[in-house]
Asks: 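Okay, handing you the structure first.
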Amino acid sequence: MSQYRTFTADDAVAYAQQFGGLADPAELVRAEEIGDGNLNLVFKIYDRADRSRVVVKQALPYVRCVGESWPLTLDRARLEAQTLVEHYRHCPQHTVNVIHYDAELAVMVMEDLSSHQIWRGELVKNIPYPQAASQLGYYLAQTLFHTSDFYLHPHKKKEEVARFINPQMCEITEDLFFNEPYIGHEHNAYPAQLEEDVLALRHDDELRIAVASLKHRFFAHAEALLHGDIHSGSVFVAENSLKAIDAEFGYFGPIGFDVGTALGNLLLNYCALPGLLAPREAAAGREQRLLDVKVLWLAFVERFQALAVEKTRDVALAFPGYASAFLHKVWQDSVGYCGTELIRRTVGMSQIADMKTISDEAMRVECIRHAISLGKTLILAAPHVEDIDALLARIRQNG
Ligand SMILES: Nc1ncnc2c1ncn2[C@@H]1O[C@H](COP(=O)(O)OP(=O)(O)O)[C@@H](O)[C@H]1O
Ligand SMILES: CSC[C@H]1O[C@H](OP(=O)(O)O)[C@H](O)[C@@H]1O
């Protein structure tokens with residue numbers, strides 16, 4: 001019988017005392033539930049000096065932001081912990097450290113990152129983190145290369161694909177990214193003034209076929225162990241430090257999905273900045289976001305290429321030129337998935353602080369309109385955008 005029970009704050013303290021790996025566990029005295037995501041409970045555990053020492057995260061048997069009417073697998077806690085453990089092996093400097101996890105209780109204890117800030121909040125305030133884009137590109141290359149067929153033995157790779165089968169969480173992505181924004185759906189949450197723009201998405205056959213193709217690849221291309229939801233709210237930043245968290249959507253999928261999600265959140269911020277800042281600051285902030293997009297992509301490609309030269313184990317995949325050809329396909333996927341992230345975050349269910357923080361209603365609508373239009377452009381252009389500079393030119397053309 002399952003021993004699962006939903007933790008109270010006292011349960012979280014007792015659990016952290018037992019499994020937090022601290023030399024002085026009796027010092028842990030209280031917990032605060034600080035979860036602000038869509039899905040889970042997150043407790044900070046404090047010591048007698050009121051310092052937060054470790055974090056306990058527990059999955060609920062349903063989607064937190066909706067309630068018990070939307071049941072959701074507890075296995076996501078295992079998948080999150082195991083994805084983070086795997087990513088930590090390959091990129092410890094940019095992955096949160098999981099100290100302990102228990103699949104039955106759907107709980108994990110992890111390193112406290114209170115010295116960091118969630119990147120999305122910092123992007124909204126336009127606070128610069130000069131290393132963040134290159135660090136995120138490096139994290140993506142390290143984690144995706146080392147869990148791909150370039151590096152893993154074919155038997156190990158297949159075992160890993162099986163270990164990370166994640167059907168319920170993938171189904172959320174399949175619905176939220178690739179279905180709901182393109183059909184009339186009760187989850188959708190865009191301003192009424194944008195009804196025509198949204199209807200145009202539904203009736204654009206070329207766009208629907210391109211989205212179907214991206215969804216098909218999300219179903220079928222088990223290229224590497226993805227984070228699965230690497231948006232700017234899943235990334236903590238501090239001066240010269242970046243840590244990925246929140247990997248419960250982890251599964252073996254197309255590498256471009258992770259890269260595109262990361263790029264998409266920079267571009268969502270790019271679209272929102274005119275509503276968040278005075279014109280001159282917004283213009284400078286936007287230039288910085290475009291530079292971040294370029295730096296992230298180039299850091300990813302440079303590191304992946306270097307790893308491919310040094311560490312590819314498969315004889316055929318090691319043939320000179322193959323890694324570059326593969327990365328070109330990853331590039332096209334990344335641009336396409338980036339477009340779907342722009343549309344799902346503006347038309348669909350999971351709205352973001354970048355847009356929600358804009359207080360001027362008319363400006364907010366215009367920023368969202370821009371993101372929808374840019375998303376559509378990127379999805380359609382993905383197979384034809386040759387390189388990063390061509391992408392930046394398209395983005396500028398779009399307004
Ligand atoms: N290791 C951590 N250290 C400090 N705060 C954390 C940590 N992990 C999560 N949090 C806080 O909890 C919030 C929700 O965590 P998240 O993993 O995004 O939950 P969900 O899975 O529900 O989206 C984060 O936005 C962050 O503020
Ligand atoms: C019904 S889940 C919606 C949405 O929530 C996840 O985000 P997070 O865990 O960061 O709050 C994910 O992006 C899902 O698409």
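Sequential numbering from 1 along the given sequence is applied to the chain's residues. Predicted model only: the values in this text are computed from it and were never measured.
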Asks: Can you pull the side chain to side chain donor-acceptor pair (under 3.5 Å) pairs that have at least one residue in residues 256-279, sequence neighbours excluded?
Replies: Arg120-Asn265, Asn265-Glu341, Asn269-Arg289, Asn269-Asp354
Asks: Members other than Ile165 in its cluster, when Ile, Leu, Val, Met, Phe, Trp, Tyr link by side-chain heavy atoms under 4.5 Å?
Replies: none
Asks: Short question: side chain of Arg53, backbone of Leu28 - any donor-acceptor pair under 3.5 Å?
Replies: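 Checking the backbone N and O of Leu28 against the side chain of Arg53, no donor-acceptor pair under 3.5 Å is found.
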Asks: Between the side chains of His370 and Ser373, is a donor N or O closer than 3.5 angstrom to an acceptor N or O?
Replies: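 There is no such pair between these side chains.
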Asks: Show the nearest heavy-atom pair for residues Ala103 and Arg78, with the distance to one decimal.
Replies: CB-CB, 4.2 Å
Asks: Less than 4.0 Å between a side-chain N and a carboxylate O, is that true for Glu32 and Lys44?
Replies: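 The answer is no: the pair does not qualify as a salt bridge.
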Asks: Looking at CG of Leu290 and CG of Asp389, how far apart are the two atoms once the value is rounded to the nearest 0.5 Å?
Replies: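 CG of Asp389 is found 11.0 Å from CG of Leu290.
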Asks: Between Lys376 and Glu206, does at least one N-O distance fall below 4.0 Å, as a salt bridge requires?
Replies: no
Asks: Hey, is NZ on Lys215 packed in by over 12 heavy atoms from elsewhere, all under 6.0 Å?
Replies: yes
Asks: Does anything in residues 259-273 pair up under salt bridge (charged side-chain N to carboxylate O under 4.0 Å, His left out), and if so which pairs, sequence neighbours excluded?
Replies: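 Listed once each, the pairs would be none.
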Asks: Not counting sequence neighbours, which residues clear side-chain contact (heavy atoms from CB on, under 4.5 Å) with Thr312? List them please.
Replies: Phe145, Phe150, Ala308, Leu317, Ala318
Asks: Would Val330 and Phe304 count as a side-chain contact (heavy atoms from CB on, under 4.5 Å) here? Give the steps.
Replies: CA-CA 11 Å; Val330 171; Phe304 199 103; over 6 Å; no
Asks: Output side-chain donor-acceptor pairs under 3.5 Å for residues 360-368, partner residues at least two apart or in another chain, one line each.
Replies:
from	atom 1	to	atom 2	distance (Å)
Asp360	OD1	Ala362	N	3.0
Asp360	OD1	Met363	N	2.9
Glu361	OE1	Arg364	NH2	3.3
Glu366	OE1	Arg369	NE	3.2
Glu366	OE2	Arg369	NE	3.3
Glu366	OE2	Arg369	NH2	3.1

Asks: Would you give the length of the straight line joining atom CG of Leu268 to atom OG1 of Thr346, rounded to the nearest 0.5 angstrom?
Replies: 7.0 Å
Asks: I need the minimum non-hydrogen distance between His146 and Tyr151, along with the two atoms involved.
Replies: O-CD2, 3.2 Å
Asks: Does a side-chain heavy-atom distance below 4.5 Å link Tyr190 with Gln351?
Replies: no
Asks: Under 3.5 Å, is there a donor-acceptor pair linking the side chains of Glu248 and Asn40?
Replies: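 Glu248 vs Asn40: donor-acceptor pair found between side chains.
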Asks: Any side-chain heavy atom of Leu242 sitting closer than 4.5 Å to one from Val235?
Replies: yes
Asks: Are Ile372 and Val347 side-chain neighbours, meaning at least one heavy-atom pair lies under 4.5 Å?
Replies: yes
Asks: Give the minimum heavy-atom separation between Cys271 and Ala371, together with the two atoms involved.
Replies: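 Closest approach of Cys271 to Ala371: SG-CA, 3.7 Å.
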Asks: Looking at every non-hydrogen atom in both residues, tell me the closest pair between Leu327 and Phe300 and how far apart they are.
Replies: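 Residues Leu327 and Phe300, closest heavy atoms: CD2-CE2, 3.9 Å.
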Asks: Between Asp10 and Thr8, does any side-chain donor sit less than 3.5 Å from a side-chain acceptor?
Replies: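 Result is no, nothing qualifies.
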Asks: Which residues satisfy the side-chain contact (heavy atoms from CB on, under 4.5 Å) test with Cys338, sequence neighbours excluded?
Replies: Leu263, Leu267, Leu378
Asks: Can you sort out the partners of Tyr15 under ring pair (Phe, Tyr, Trp, His ring centres under 6.0 Å), two or more places apart, ordered by chain and number?
Replies: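 Result, ring pair (Phe, Tyr, Trp, His ring centres under 6.0 Å) vs Tyr15: Phe7, Phe19, His100.
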Asks: Between the side chain of Asn166 and the main-chain N/O of Gly250, is any donor-acceptor distance below 3.5 Å?
Replies: yes
Asks: Search all heavy atoms of Tyr4 against all heavy atoms of Pro61 and return the closest pair with its distance.
Replies: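 That closest heavy-atom pairing would be OH-CD, 3.5 Å.
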Asks: Is the backbone N or O of His87 less than 3.5 Å from a side-chain atom of Thr143, with the two atoms forming a donor-acceptor pair by type?
Replies: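 A pair under 3.5 Å: no.
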Asks: Rounded to the nearest 0.5 Å, what separation is found between the NE2 atom of His328 and the CG atom of Asp333?
Replies: 10.5 Å
Asks: Could you list the residues that satisfy ring pair (Phe, Tyr, Trp, His ring centres under 6.0 Å) with Phe218, not counting sequence neighbours?
Replies: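 So Phe218 forms a ring pair (Phe, Tyr, Trp, His ring centres under 6.0 Å) with Phe178, Tyr251, Phe257.
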Asks: Is it true that Glu160 and Lys157 make a salt bridge, defined as a side-chain N closer than 4.0 Å to a carboxylate O?
Replies: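 Looking at Glu160 and Lys157, the cut-off is not met.
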Asks: Sequence neighbours left out, what passes side-chain contact (heavy atoms from CB on, under 4.5 Å) with Asn240? Give chain and number order.
Replies: Gln131, Gln135
Asks: Would you say His231's side chain and Gly233's backbone share a donor-acceptor pair under 3.5 angstrom?
Replies: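 Yes, because the side chain of His231 sits within donor-acceptor range (under 3.5 Å) of the backbone of Gly233.
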Asks: What pairs with His187 under ring pair (Phe, Tyr, Trp, His ring centres under 6.0 Å), at least two apart in sequence or on another chain?
Replies: Trp70, His185
Asks: His384: what forms a ring pair (Phe, Tyr, Trp, His ring centres under 6.0 Å) with it, not counting sequence neighbours?
Replies: none
Asks: Looking just at side-chain N and O atoms, do Ser324 and Gln305 make a donor-acceptor pair shorter than 3.5 Å?
Replies: yes
Asks: To check you understand the geometry: which heavy-atom pair defines the closest contact between Ala222 and Val161, and what is its length?
Replies: CB-CG2, 4.4 Å
Asks: Answer yes if the side chains of Tyr101 and Gln82 hold a donor-acceptor pair under 3.5 Å, and no otherwise.
Replies: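 The criterion, which ignores hydrogens and geometry beyond distance, is satisfied for Gln82 and Tyr101.
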Asks: Indicate yes or no for a side-chain donor-acceptor contact from Glu27 to the backbone of Asp47 under 3.5 Å, with no hydrogens or angles considered.
Replies: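 A pair under 3.5 Å: no.
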Asks: State whether the side chain of His90 and the backbone N or O of Gln142 hold a donor-acceptor pair below 3.5 Å, judged by distance alone.
Replies: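 Such a contact is absent between His90 side chain and Gln142 backbone.
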Asks: Go through Asp387 and Trp297 one step at a time and tell me if the side-chain contact (heavy atoms from CB on, under 4.5 Å) criterion holds.
Replies: CA-CA 10 Å; Asp387 57 22; Trp297 171 256; over 6 Å; no
Asks: For Arg163, is there an ion pair with Glu86 - N to carboxylate O distance below 4.0 angstrom?
Replies: yes
Asks: Scan side-chain atoms only and decide if Tyr138 and Glu302 contain a donor-acceptor pair under the 3.5 Å cut-off.
Replies: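 Their side chains do not contain a donor-acceptor pair, so the 3.5 Å distance test is not met.
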Asks: Checking Leu277 now: which residues fulfil side-chain contact (heavy atoms from CB on, under 4.5 Å) with it, not counting sequence neighbours?
Replies: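 side-chain contact (heavy atoms from CB on, under 4.5 Å) list for Leu277, sorted by chain: Asn126, Leu273, Glu281, Ala282.
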Asks: Counting N and O atoms only, with roles assigned by atom type, does the side chain of Gln168 sit under 3.5 Å from a partner on the main chain of Leu72, one being a donor and the other an acceptor?
Replies: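 Such a contact is absent between Gln168 side chain and Leu72 backbone.
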Asks: Would you check if the side chain of Gln58 reaches a backbone N or O of Arg5 as a donor-acceptor pair within less than 3.5 Å?
Replies: yes
Asks: Is there side-chain contact between His227 and Ser234, with at least one heavy-atom pair below 4.5 Å?
Replies: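 Result yes, sub-4.5 Å side-chain heavy-atom pair found.
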